[in-house]
Amino acid sequence: MLRHVVRSLVFIGLLFFVFQTTPGAAQNIVIDGTPSKKASVDANEARLDALDATQSNDFRMRIIKKDGQYLWASRGNKPLTHVVSGVFHIFFDTTGGGYVKIIDWGPLPPSMKENNTGVSYFEFISSGMKTITYFGKADAFTP
């Protein structure tokens, strides 16, 4: 009898875990972008590198909104604060690890687009005394 109770509890626990960690469960994708360039800076060196398709996918940037909270999904689901400044949307990591700045070119008049379409972003990451900035694009942005 005890064995059946333990098995049932383990099964219920596994179901709970699976449904709590299932991608897309009660969450919305705010932005899912791929970078084309990576800038790295520290006290001794600054460099800008073009990313190939594999690197671009490896450094994919994703923000989700889950239960009313913005999360930096590509950075361990760190909580983000969303601020709108003019045509820019800025998502700040509340622990000081960086931020993402986004512009949706769609609503702007043609004279301001300068051949830009879709959504552009940069993702600024601070790690110790080094910074990394990824520059990329996304197909959609839904704050």
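Numbering of residues begins at 1 and proceeds along the displayed sequence. These numbers come from the heavy atoms of this one structure, side chains and all, not from hydrogens, waters or symmetry mates.
- Considering all non-hydrogen atoms of both residues, Ile31 and Ala140 come closest at CG1-O, 3.9 Å.
- A cation-pi contact, defined as under 6.0 Å to the ring centre and within 45° of the axis, is absent between Lys137 and Tyr121.
- Contact record, Ser126 with Gly96: CB-O, 4.3 Å, taken as the closest heavy-atom pair.
- Paired with Phe141 under the rule side chain to side chain contact (heavy atoms under 4.5 Å, CB included), one option of Val119, Ile63, Ile29 passes, and it is Val119.
- Put simply, the side chain of Asn28 never gets that close to the backbone of Val30: no donor and acceptor are under 3.5 Å apart.
- Here the shortest heavy-atom pairing between Gly118 and Asp104 reads O-OD1, 3.5 Å.
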**Q.** Verdict with supporting geometry, Met61 and Phe59, side chain to side chain contact (heavy atoms under 4.5 Å, CB included)
**A.** CA-CA 6 Å; Met61 187 278 301; Phe59 299 123; over 6 Å; no
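- Of the charged side-chain nitrogens involved, none lies within less than 4.0 Å of a carboxylate oxygen, so that Asp93 and Arg75 do not count as a salt-bridged pair.
- Seen from the ring of Phe135, Lys37 does not count as a face-on cation partner, given the 6.0 Å and 45° thresholds.
- Between Lys38 and Asp49, none of the side-chain N atoms (NZ, or NE/NH1/NH2) sits under 4.0 Å from a carboxylate O, so this pair counts as no salt bridge.
- Contact detail for Asp32 and Arg60: the closest heavy-atom pair is OD1-NE, 2.7 Å.
- Between the Ser56 side chain and the Pro35 main chain, a donor and an acceptor come within less than 3.5 Å of each other.
- No side-chain donor-acceptor contact under 3.5 Å links Gln69 to the backbone of Thr81.
- The main-chain N or O of Arg62 is found under 3.5 Å from a side-chain atom of Ser74 such that the two form a donor-acceptor pair.
- Ring geometry, Phe122 versus Tyr99: the interplanar angle exceeds 60°, so the pair is classed perpendicular (tilted spans 30 to 60°).
- Trp105 and Lys113 make their closest contact through O-CE, 3.0 Å (heavy atoms, listed as atom of the first residue, atom of the second, distance).
- In this structure the side chain of Leu51 reaches within 4.5 angstrom of the side chain of Tyr134, judged on heavy atoms.
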